[in-house]
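Reminder, nothing fancy here: chain letters follow the sequence lines and each chain counts from 1.
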Number of protein chains: 2
Amino acid sequence: MQHRKPLQLEAFLPYRLSLLSNAISGAIAAVYGDKFAISMPEWRIMMILAEYPDISADEVCRRTKIEKSMVSRAVARLLKRHLINRDMDEKDRRRSILRLSETGLSVYDEVMPIARDYEAKLLSDLSAGELETFNDMIDRLMEKAARIEY
Amino acid sequence: MQHRKPLQLEAFLPYRLSLLSNAISGAIAAVYGDKFAISMPEWRIMMILAEYPDISADEVCRRTKIEKSMVSRAVARLLKRHLINRDMDEKDRRRSILRLSETGLSVYDEVMPIARDYEAKLLSDLSAGELETFNDMIDRLMEKAARIEY
DNA sequence: TAATATTAGTTGTAGATGCAACTATTTATC
DNA sequence: GATAAATAGTTGCATCTACAACTAATATTA
């Protein structure tokens, strides 16, 4: 029998979340992508380094959840464009110490307000309470998703 | 001045949604990926064809929001594995008519309950009202995201 | 009905992505 | 302290992805 009915794709939470996530991330990526030719992983690394200067690539991985080979290549690109600086840890010579360069900071300071503004516009129709509820549900679903085993 | 503070990556909605979406989609993708070596776009196409048999590749694009070259290649793979059938529209010979094959349906009928079950488990801690609120917010954010211009 | 535009689908290609293997260094164990 | 295990980071590679150019068929316009 063809034509399965319930749980259509359009009502399927994973699909809905994927669409929303892509729409939002894509809109912001268009800003830094068009203006500065920065990719999404590159931008996330810059955000983390703005918040936590002088951390290692490994800690960038942990904080961004970006896979280490991607971080390695993104760091290489950011270095080549002088958007970040890298020192080596004296005490552990495997370990790098990354931070935004002056240029990187200025790029960050130009892009970030736009990202912030986008987020603010996006959320402008939600009341403070609704936003809190929404964030809370995201946290709970994240927790739950991490626990479900198959 | 290094160390920018507010709106850390971890609190940034696009990032949070992206993590949640990847966690959920990834968990389900692991099911059909491991069991049947089906990719995410392939699975989404199968879901749409289960719901709407005998639609064209173009309509698959519209309904899944998957880019047409991906649909084309995914359809080719699904055809080669006999998971779907394709006829050509008599009235418009550019147009294909796609539907799940018997095998495709049986795969769908095996995977779908697991996906459903996963979704149910994921949402089991939310009350009916909370779920409705959550879905409503996703809809509103989708709408809003589509309207914001830059 | 001839010329043009639009639409459906395919294919070329460059770049992104993620796993696994690798090197170099440090830590743990005997 | 020598050997084994673990860790940080890089690189090879196969696959995925998306844009754009392309082919073929249909629709539109004159």
Colleague: Any cation-pi pair here, B/Arg63 with B/Tyr52, using under 6.0 Å and within 45°?
Modeller: yes
Colleague: What's the CE-C1' distance between B/Met88 and C/dG9, to the nearest Å?
Modeller: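 One finds 8 Å between C1' of C/dG9 and CE of B/Met88, rounded.
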Colleague: Expressed as a whole number of angstroms, how long is the span from A/Asp89:CG to C/dT26:P?
Modeller: 9 Å
Colleague: Do B/Arg86 and C/dG9 have a side chain to base donor-acceptor pair shorter than 3.5 Å?
Modeller: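 Checked by distance alone, the answer is no.
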Colleague: Starting at CD1 of B/Ile66 and ending at P of D/dC19, how long is that distance when rounded to a whole Å?
Modeller: 14 Å
Colleague: With respect to the phosphate group of D/dT26, does any side-chain polar atom (N or O) of B/Arg93 fall under 4.0 Å of OP1 or OP2?
Modeller: yes
Colleague: Under 6.0 Å from the CD atom of B/Glu132, do we count more than 12 heavy atoms belonging to anything else shown?
Modeller: no
Colleague: Where the side chain of A/Arg62 is defined as all heavy atoms beyond and including C-beta, which of D/dC19, D/dA8, C/dG12 is the nearest nucleotide?
Modeller: D/dA8
Colleague: If you measure from the Lys or Arg side-chain nitrogens to the Asp or Glu carboxylate oxygens, is any gap between B/Glu67 and B/Arg73 under 4.0 Å?
Modeller: no
Colleague: Want to settle it: does B/Lys68 or A/Glu67 sit nearer the 5' end of DNA chain C, counting the closest nucleotide to each?
Modeller: B/Lys68
Colleague: From CD1 of A/Ile38 over to P of C/dG15, roughly how many Å is that when rounded to an integer?
Modeller: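 Answer to the nearest Å: 18 Å.
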Colleague: Can you say whether a donor on the side chain of B/Arg94 sits under 3.5 Å from an acceptor on the base of C/dA8, or the other way round?
Modeller: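 Per atom types, no contact qualifies.
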Colleague: Whole angstroms only, please: what is the CG-C1' distance between A/Asp92 and D/dA6?
Modeller: 12 Å
Colleague: B/Glu42 has an atom CD; how far is it from atom C1' of D/dT15, in whole Å?
Modeller: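 It works out to 12 Å between those atoms.
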Colleague: DNA chain C: B/Ala57 or A/Pro41, which has the more 5' nearest nucleotide?
Modeller: B/Ala57
Colleague: Ignoring hydrogens and angles, are the base of C/dG15 and the side chain of A/Arg77 linked by a donor-acceptor pair under 3.5 Å?
Modeller: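 Result: no qualifying N/O pair found.
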Colleague: To the nearest angstrom, how far is A/Met70 atom CE from D/dC16 atom P?
Modeller: 17 Å
Colleague: Checking the side chain of B/Ser72 only, and the main-chain atoms of B/Lys68 only, is there a donor and an acceptor separated by less than 3.5 Å?
Modeller: no
Colleague: With a cut-off of less than 4.0 Å, is there a side-chain N or O of A/Ser96 near OP1 or OP2 of D/dG9?
Modeller: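 Yes, within the criterion.
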Colleague: When only distance counts, do a donor and an acceptor, one from the side chain of B/Ser69 and one from the base of D/dC19, lie under 3.5 Å apart?
Modeller: yes
Colleague: Would you indicate which nucleotide in C/dG9, D/dA18, D/dA8 comes nearest to any side-chain atom of B/Ser56?
Modeller: C/dG9
Colleague: Report the distance from atom CZ of B/Arg73 to atom P of D/dC19, rounded to the nearest whole Å.
Modeller: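 Distance, rounded to whole Å: 13 Å.
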Colleague: Please determine if A/Arg16 and A/Glu10 form a salt bridge, counting it only when a charged side-chain N lies under 4.0 Å from a carboxylate O.
Modeller: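 No, no charged N to carboxylate O under 4.0 Å.
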